[in-house]
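Right, one structure below, let's go through it.
Throughout, a chain's letter reflects where its sequence line sits, starting with A, and its residues are numbered from 1.
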There are 2 protein chains.
Amino acid sequence: MDDQPRASQTVRTLLQLRELILNGDLSPGERVSELGIVERLGVSRTPVRVALVRLEEEGLVDCLPTGGFVVRAFSEADIADAIQLRGVLEGMAAQRAAERRLSRDELSDLRDVVGSLDALVRQRDLTIDDFSDYIRLNDRFHGLLLHLADSPVLKRSMERVLSLPFASPGAFVRVQAELPESREILVIAQEHHRAILDAIENGEGSRADHLAREHSRLARRNLDISVKNQRQLDRVPGASLIRLRRA
Amino acid sequence: MDDQPRASQTVRTLLQLRELILNGDLSPGERVSELGIVERLGVSRTPVRVALVRLEEEGLVDCLPTGGFVVRAFSEADIADAIQLRGVLEGMAAQRAAERRLSRDELSDLRDVVGSLDALVRQRDLTIDDFSDYIRLNDRFHGLLLHLADSPVLKRSMERVLSLPFASPGAFVRVQAELPESREILVIAQEHHRAILDAIENGEGSRADHLAREHSRLARRNLDISVKNQRQLDRVPGASLIRLRRA
DNA sequence: TAACGCCATGCTGTATACAATAAGAGCGGC
DNA sequence: GCCGCTCTTATTGTATACAGCATGGCGTTA
């Protein structure tokens, strides 16, 4: 429980409250009582309030007109929209990266990540650990893309969307680590990564944009597969995904 | 001062604090003292804190590692990025609107707005009131686009960017109501609006996307003109724009 | 029996008190 | 004379007390 005894109450409360929502301990639509959280987390109302306001801005809870907050319920359409939005933003990032003059280091960083991903995907059998590595490298690739875009405004906006848990492709990959489609999807994704790198190296901004958007359709496909195969999204889409993610 | 005696303290504080920042009463980089605001607005620390947290999420202030907040300083590059980002998001909205099945009412609403804008722009001499009307209709057009996209996620994201004051083309138009370039820009903008409407009517999503992005380059041009003509952006870009906006 | 109204309870919004910490000024030593 | 240390002060983080309000249950009446 006391994961971070050093952190301030506010930060700890924010993190724990987010966990609570993401884990489904607080169901979507459920009203979040300040006092209830106070009891649960053992802090006073003040940090809880701040955390709730932040989560509201983050989009995980909505505030009621009468006062107080409820856990926000996400529909499958919301998830799909977030994926699309993420793709669009990443397209902008890729385009900017391609049209910018990149330093030698920046380029080699990106090449390294793609190279590592290549090596990983080329393996015949992928263990669960390989999947973990893939996710880490994949996150690294997308983080690097955002960094290379060199736009704090864009970065901020992207972080907002990523804060919606389901928009992270990592979750889907995790969920589907044992699905037969998974390997194929990884291979395709890696082809995308290579293509995006190529576009950036050649300064083809428009192509980089297009490729990044196309890449996001993979996450959309993952979503569809999840819905069909596992019926995990019946009632609590975001939450169940995340629950699986940490299982 | 007591603009909204009915509203809650928190909302009033948020609005007033935002005004203070946007008007430049609090300079970028300046530390925002809670007690200072308490004195200035005559409320207790609690609503001030909440307002500051919200403004931090909104991007108008940054929180210091040591605690407390400072007014965020925006560079010209930030403004340009926000304009680009806004264009990208609006492109997504336009694309979605084009690829969606729109109701008769929705379409006629959009047509009405474009029609009104047409009538306005066709006039030979534009008074300052005409400019105000233009801005209102222009906002309406862009708001409608966002509505037609039918994506709460996208809407939320867009609102975040729009909250950066400078990203609103209205401010620029206002600033430049008497500049010789203004009329020309309005005419071009209106051509864009018509083209976007046309693309949506014909279900050409990709074209709508492209047009909307192109449209945002107008705002970028406005920014450049502002910088060159008036040197308003020397030190306090966002703030000075807004200051002019209400002059 | 059903509907209306009143009362009680629990909630949030707001204010303020307390504690810990960081910054700054002043003094002392080197 | 300058650097460093300490003490003071101001400011934030946290907790809690108070008030207003919405909600829900219960009783009464038509």
Side-chain angles (χ1 to χ4, degrees), chain A residues 1-21 25-73, chain B residues 1-21 25-73:
Chain A
M1 280 285 167
D2 261 333
D3 282 352
Q4 314 198 357
R6 302 248 146 182
S8 73
Q9 300 283 58
T10 303
V11 174
R12 258 180 36 205
T13 305
L14 179 62
L15 292 174
Q16 293 184 0
L17 203 47
R18 196 187 279 133
E19 293 273 329
L20 247 47
I21 294 174
D25 294 329
L26 275 56
S27 313
E30 182 182 338
R31 180 162 188 173
V32 185
S33 158
E34 286 182 13
L35 289 176
I37 304 300
V38 166
E39 275 183 32
R40 222 156 164 166
L41 301 185
V43 293
S44 82
R45 278 183 61 205
T46 309
V48 173
R49 267 189 93 58
V50 174
L52 282 171
V53 170
R54 293 207 116 100
L55 288 175
E56 197 262 329
E57 296 285 337
E58 217 170 280
L60 284 180
V61 300
D62 268 336
C63 63
L64 276 64
T66 149
F69 299 85
V70 290
V71 180
R72 198 167 151 195
Chain B
M1 280 285 169
D2 263 332
D3 282 353
Q4 314 198 358
R6 303 247 145 181
S8 73
Q9 300 284 57
T10 303
V11 174
R12 258 180 37 205
T13 305
L14 179 62
L15 292 174
Q16 293 184 0
L17 203 47
R18 196 188 278 134
E19 294 273 329
L20 247 47
I21 294 174
D25 294 330
L26 276 57
S27 314
E30 182 182 341
R31 180 163 189 173
V32 186
S33 158
E34 286 183 14
L35 290 177
I37 304 300
V38 165
E39 276 184 32
R40 221 156 164 166
L41 301 185
V43 292
S44 81
R45 278 182 60 204
T46 309
V48 172
R49 270 188 90 60
V50 174
L52 282 171
V53 169
R54 295 206 114 99
L55 288 175
E56 197 262 329
E57 295 286 336
E58 217 170 281
L60 284 181
V61 301
D62 269 336
C63 64
L64 277 67
T66 149
F69 300 85
V70 290
V71 180
R72 197 166 152 196

Check your understanding: With a 4.0 Å cut-off on heavy atoms, is A/V32 in touch with a base, just the backbone sugar-phosphate, or nothing at all?
Key -> sugar-phosphate

Practice item. Using atom types as modelled and distance alone, determine if a side-chain donor or acceptor of A/S8 lies under 3.5 Å from a backbone N or O of A/V11. Key: yes

Practice item. Check the pair A/R72 / A/V61 against side-chain contact (heavy atoms from CB on, under 4.5 Å), numbers first and verdict last. Key: CA-CA 5 Å; A/R72 198 167 151 195; A/V61 300; 5.6 Å; no

Check your understanding: Starting at the 5' end of DNA chain D and moving along, which residue's nearest nucleotide shows up first, A/T10 or A/R31?
Key -> A/T10

Point to revise | From CD1 (A/I21) to CZ (A/F69), nearest 0.5 Å | key: 10.5 Å

Review point. With nearest nucleotides of DNA chain C determined for B/T66 and B/S44 from heavy-atom distances, which residue corresponds to the more 5′ nucleotide?
Key: B/S44

Taking N or O atoms only and anything under 3.5 Å, show me the protein contacts with nucleotides 19-21 of chain D, one pair per line.
none

Exercise for review: Using the test side chain to side chain contact (heavy atoms under 4.5 Å, CB included), find all partners of A/E57 that sit at least two apart in sequence or belong to another chain.
Suggested key: B/R54, B/E57, B/R160

**Study point:** Results of side chain to side chain contact (heavy atoms under 4.5 Å, CB included) for A/S33 - residues two or more places apart only
**Key:** A/L35

Review point. What are the residues of residues 45-52 of chain B, sorted by number, that bring a heavy atom to within less than 4.0 Å of DNA chain C?
Key: B/R45, B/T46, B/P47

Check your understanding: About how many Å separate CG of A/L20 and CG of A/L60, when rounded to the nearest 0.5 Å?
Key -> 12.0 Å

Check your understanding: Does anyone know the first and last nucleotide of DNA chain C in reach of chain A, 5' to 3', at under 4.0 angstrom to a heavy atom?
Key -> C/dC11 to C/dT14

**Study point:** Beyond-backbone contact of A/V48 with A/L52, side-chain heavy atoms, under 4.5 angstrom
**Key:** yes

Review point. Does B/L55 reach the side chain of B/E58, with side-chain heavy atoms less than 4.5 Å apart?
Key: yes

Point to revise | Set of residues satisfying side chain to side chain contact (heavy atoms under 4.5 Å, CB included) with respect to B/Q9, sequence neighbours excluded | key: B/R12, B/V43, B/P47

Check your understanding: Can you list every pair that meets salt bridge (Lys or Arg N to Asp or Glu O under 4.0 Å) and has a residue in residues 36-46 of chain A, with sequence neighbours left out?
Key -> A/E34-A/R45

Check your understanding: Over how many whole Å does the gap from B/L35 atom CG to D/dT11 atom P extend?
Key -> 6 Å

